[in-house]
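Have a look at the structure below, then the notes.
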There are 2 protein chains.
Amino acid sequence: MSLRYALLGLISKKPQTGYELYQTFQQQIIYFWNSTHSQIYTELRKMEQDEVISSELIYQEGSPNKKKYTITKEGEKDLIHWILEQKIKPAKIKDEFLIRASAFHLLSIDEILGLLDTIIEREQQILEGTLLWQSQHIEQEQPKFEQIGEYITSEYGIMYAKMYIDWCLKVKDILSKMDLEN
Amino acid sequence: MSLRYALLGLISKKPQTGYELYQTFQQQIIYFWNSTHSQIYTELRKMEQDEVISSELIYQEGSPNKKKYTITKEGEKDLIHWILEQKIKPAKIKDEFLIRASAFHLLSIDEILGLLDTIIEREQQILEGTLLWQSQHIEQEQPKFEQIGEYITSEYGIMYAKMYIDWCLKVKDILSKMDLEN
DNA sequence: TGCGCCATGTAAATTGTTACATGATTTA
DNA sequence: TAAATCATGTAACAATTTACATGGCGCA
């Protein structure tokens, strides 16, 4: 059901097509959920059946037609109820790199350092991307309450990437100290 | 396949039963993967068929019998190959609270503050638990290379929880500034 | 006497991923 | 001329979760 509420939340900000929602998931603008177009389109149709969203068909010449989904009053009630009354399940992280990190005892120091550098670079690029997105979409000086969601979740993305880089550096530091002893 | 390598990594440290592996997942000692006992037992049997682990049956009186799994040479080769040669997929986070946060525009300030306090407390408890676990399992002064995996992943858990709390406090700060203007 | 722990397993249902499918327009 | 973008959809497969199932032991 979580995917449903992630989509509902996005649609509640502004009416959107499945493709636009998919783009949002795709471009890592949200750091808290992910999905594919096939799952999104299927879920949207179920949501329309359950009348939490309604759709409007937009005919286009040249490009394919599209369906713009709008949240219904029922949908908004449903979403708010979920946010406030349903038990909050803890975050589920599936991080392939940390699986690797947990087995570092099988590698050489050089192999570990190589992997860490790859990840530092990856996270630095994500961080830059998010900072850019934030500067383009959020009024930093006087953020508006309507934008609170985008603001704080992009802020989360920034803090997460920074933490990840710091962690990599800390691991390097720990390793350098070990290196001296062996 | 990632679950397989998460399990292989844990077994590579010391031979373990399915139940012990499940406990490790359960007790949030690892912050990077999660699974249920049904999935773990099924995967372990597949892994034994594929000869990346081997099992030893341990008969017990009073308690049920158990199977202790040990990594094979083939398994270790397989794991190292996956760590070094396979493309690292980006972390997938599924965080129900952040879905809620992304829809905060639908709530009142008081409702938001209530949710944030719940999460701060949750993360503080996780943080304390992890710090305790680390102090009991890791030699902080002179950590051994054999323990590198547990050390750095628990360190990740600590940094992640701290970051999450800091983020909650930052959100509170952002809200308090908005409050004045409305 | 009912619940939780130990210890494993199967079955069903849900969720998520990858592949297949279409077709026009734009970009390299 | 091949790939990418827009835009949606279905089908097959894989991964994950929840429920069902067993049974003795210790605890309150």
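Note that this is a predicted model, so its numbers are computed, not measured. Below, read A as the first sequence line, B as the second, and so on, with proteins coming before strands; counting in each chain starts at 1.
The CD atom of B:Gln27 sits 14 Å away from the C1' atom of C:dG4 (whole-angstrom rounding). Per the geometry, CD1 belonging to B:Ile40 stands 13 Å off C1' belonging to D:dA15, to the nearest Å. Taking atom CD of residue B:Glu43 and atom P of nucleotide C:dG9, one finds them 13 Å apart after rounding to whole Å. Here the P atom of nucleotide D:dT8 and the CD atom of A:Glu56 are 12 Å apart, to the nearest Å. Atoms CZ (A:Arg4) and C1' (C:dG16) sit 16 Å apart, rounded to a whole Å. For B:Glu48 and C:dT8, the CD to P distance is 12 Å, given to the nearest whole Å. Between A:Gln26 atom CD and D:dC6 atom P there is a gap of 11 Å when expressed in whole angstrom units. Atom pair B:Met1:CE and C:dT18:P shows a separation of 13 Å (rounding to whole Å applied).
With hydrogens and angles disregarded, a donor-acceptor distance shorter than 3.5 Å links the side chain of A:Gln147 to the backbone of A:His137. Remark: the backbone N or O of A:Thr17 is paired with a side-chain donor or acceptor of A:Glu20 at under 3.5 angstrom.
Checking A:Ser35 against A:Tyr22 by side-chain atom types alone, no donor-acceptor pair falls below 3.5 Å.
Under the 4.0 Å criterion applied to side-chain N and carboxylate O atoms, A:Lys92 and B:Asp95 are not assigned as salt-bridge partners. Using a 4.0 Å cut-off between charged side-chain N and carboxylate O, B:Lys177 and B:Asp173 make a salt bridge.
Nearest-nucleotide assignment on DNA chain D puts the 5′-proximal partner with A:Thr17, out of A:Thr17 and A:Lys92.
Taking every side-chain heavy atom of A:Gln23 into account, D:dC6 is the closest of C:dA19, D:dT16, D:dC6. The listed nucleotides are D:dT8, C:dT8, D:dT17; the one nearest the side chain of A:His37 is D:dT8.
Between A:Gln60 and D:dA7 there is a side-chain N or O to OP1 or OP2 distance below 4.0 Å. One finds no side-chain N or O of B:Tyr41 lying less than 4.0 angstrom from the OP1 or OP2 phosphate oxygen of C:dG9. The side chain of A:Arg45 places an N or O atom within less than 4.0 Å of a non-bridging phosphate oxygen (OP1 or OP2) of D:dT10. The shortest distance between the side-chain N/O atoms of B:Asn34 and the OP1/OP2 oxygens of D:dT16 is not below 4.0 Å. The phosphate of D:dC6 (OP1 or OP2) has a side-chain N or O of A:Tyr19 nearer than 4.0 angstrom. One finds no side-chain N or O of A:Lys94 lying less than 4.0 angstrom from the OP1 or OP2 phosphate oxygen of C:dG16.
In this model, a side-chain donor or acceptor of B:Ser38 finds a partner on the base of D:dT18 within 3.5 Å.
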